[in-house]
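This report refers to the structure that appears directly beneath it.
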Number of protein chains: 2
Amino acid sequence: MKLLTRDTDYAVRAICFIARSKEKKASVAELTFRLGMPRSFLRKILQRLNEEGLLESSKGKGGGFELAIKPEAIVLLDVMRIFQGGLNLNNCFLKKRICPEKNVCRLRREIGLIEKGTAAALSKISIASLIKSRHN
Amino acid sequence: MKLLTRDTDYAVRAICFIARSKEKKASVAELTFRLGMPRSFLRKILQRLNEEGLLESSKGKGGGFELAIKPEAIVLLDVMRIFQGGLNLNNCFLKKRICPEKNVCRLRREIGLIEKGTAAALSKISIASLIKSRHN
DNA sequence: GACAAATGACACTAATATGGTATCATTATA
DNA sequence: TATAATGATACCATATTAGTGTCATTTGTC
Ligand code: FES
Ligand code: FES
């Protein structure tokens, strides 16, 4: 299984590119060209990031996307949550009902802890930290 | 996103049940009844666990499934790998080719580390440790 | 104002994964 | 030989993932 899906991945790379660019702003055209992502798909992703408040868009000629908040303030988990809904415990089903032992279940407790650990790790990695090195 | 899919979950619970049962063996009928899982689905899962060497099956009347190895030797990651292919880095695509920066990419390195950490945590939880408490 | 260059909104599609069912064959025991 | 079990395997329904396409709207420039 994959921790990050494609859209999360594209989103992170696009955000990194924008954060690193001189103008602090980029159009879909430029991003498509520089990052080689499918144009329409990328547009959808950027629009979503705009809705969610990570990016800010400007329409019309010369428009594009820029960061809405500082690169230190954007972490992987934020992006992941937008496209994948974050980490989540799966329910245990017992005859199609949610298992009554849910709260005492050892398995569920352990998995819950692991998910928390993973989420914490994903929260430590910011866009700022990613763009320090030359590569996305 | 969910760390474990349904089949992994069912598998773990079934293995726990078998490990805890007096006879150290159980039939699909019994498991279906006691764990309330869809019968056919469970069968498929058990067959797979048999193929993969975690369980051993006996056919014919009085048959069923028993552990092929000690409960201490089965960890969550083993089961997960069988049904979900384990944790895996997603490839970065650049114009439909695998990204040439893959090896120097900061993002990929960080994600790789997180996956390793998660996998390590999943490897620490054995069936033996799960069946110590009364609940799966 | 006309035009071009940009995003907004949103409907649609294709491919794959997930969750589940069903059937017939084979084997072992009583 | 009847019965109770698994083996093998095909099938199905739904959800998720990945991606495309179109028309509307906004904005800067000539
Ligand atoms: S929550 Fe149902 S067995 Fe764990
Ligand atoms: S591997 Fe391609 S940008 Fe990270």
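So that the names make sense, note that chain A is the first sequence line, chain B the second, and so on, each numbered from 1. What's counted below: heavy atoms across the whole structure, side chains too, no hydrogens, waters or symmetry copies.
When all heavy atoms are compared, the tightest approach of B/Leu122 to B/Leu87 is CD1-CD2, 4.2 Å. When every heavy atom of A/Leu46 is checked against every heavy atom of A/Ala14, the shortest pair comes out as CD2-CB, 4.1 Å. In terms of heavy atoms, B/Gln84 sits closest to B/Thr8 at NE2-OG1, 2.7 Å.
Here the P atom of nucleotide D/dT6 and the CG atom of B/Leu46 are 8 Å apart, to the nearest Å. Between the C1' atom of C/dG19 and the CZ atom of B/Arg39 lies a distance of 18 Å, rounded to the nearest Å. C/dT18 atom P lies 11 Å from atom CE of B/Met80, rounded to whole Å. Taking atom CZ of A/Phe83 as the reference point, atom P of D/dG19 lies 13 Å away to the nearest angstrom. The nearest whole Å value for the distance from the NZ atom in B/Lys25 to the C1' atom in D/dT6 is 11 Å. Between the CG atom of A/Leu4 and the P atom of D/dA18 there is a distance of 11 Å, rounded to whole Å. Distance, A/Leu49 CG to C/dT7 P: 13 Å, rounded to whole Å. Summarising the geometry, the separation between CZ on B/Phe33 and P on D/dA4 is reported as 17 Å, rounded to the nearest angstrom.
Among the nucleotides C/dA6, D/dT20, D/dG7, the one closest to any side-chain atom of A/Ser27 is C/dA6. For B/Thr5, the side-chain atoms get nearest to C/dT18 when compared with the rest of D/dT20, C/dT18, D/dT6. Listed nucleotides: C/dG20, C/dA9, C/dG8. Nearest to the side chain of A/Glu51: C/dA9. Set against C/dG20, C/dA9, D/dA18, the side chain of A/Asp7 has D/dA18 as its closest nucleotide.
Salt-bridge check for A/Lys2 with A/Asp9: failed, with every basic side-chain N at 4.0 Å or more from each acidic carboxylate O.
When each of A/Pro38 and A/Gln84 is assigned the nucleotide of DNA chain D with its nearest heavy atom, A/Gln84 is the one assigned upstream, toward the 5' end.
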As a quick check of understanding, evaluate side-chain contact (heavy atoms from CB on, under 4.5 Å) for B/Phe17 and B/Arg34, giving each step before the final call.
CA-CA 9 Å; B/Phe17 183 89; B/Arg34 302 293 291 273; 3.8 Å; yes
Quick one, A/Ser58 with A/Lys25, criterion side chain to side chain donor-acceptor pair (under 3.5 Å). Give me CA distance, side-chain angles, the key distance, then yes/no.
CA-CA 10 Å; A/Ser58 38; A/Lys25 186 194 227 175; 3.3 Å; yes
Give me the distances for all protein-to-nucleotides 27-30 of chain D N/O pairs that come in under 3.5 Å?
from	atom 1	to	atom 2	distance (Å)
D/dT27	O2	A/Lys61	N	3.3

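When heavy atoms are screened at a 4.0 angstrom cut-off, A/Arg43 is found touching base atoms of the nucleic acid. A/Ser40 comes within 4.0 angstrom of a nucleotide base, judged by non-hydrogen atoms across all strands.
When atom types are taken as modelled, the side chain of A/Arg48 and the backbone of A/Ile82 share a donor-acceptor pair closer than 3.5 angstrom.
Phosphate contact (OP1/OP2 of C/dT7, side-chain N/O of A/Asn50, threshold under 4.0 Å): absent. Contact annotation: B/Ser57 reaches the phosphate of D/dG7 (side-chain N/O to OP1 or OP2, under 4.0 Å). For the pair A/Tyr10 and D/dG19, the criterion of a side-chain N or O lying under 4.0 Å from OP1 or OP2 is met.
To the nearest 0.5 Å, atoms OG1 (A/Thr5) and OH (A/Tyr10) are separated by 10.5 Å.
One cannot find a donor-acceptor pair under 3.5 Å joining the base of D/dG19 and the side-chain atoms of A/Arg6.
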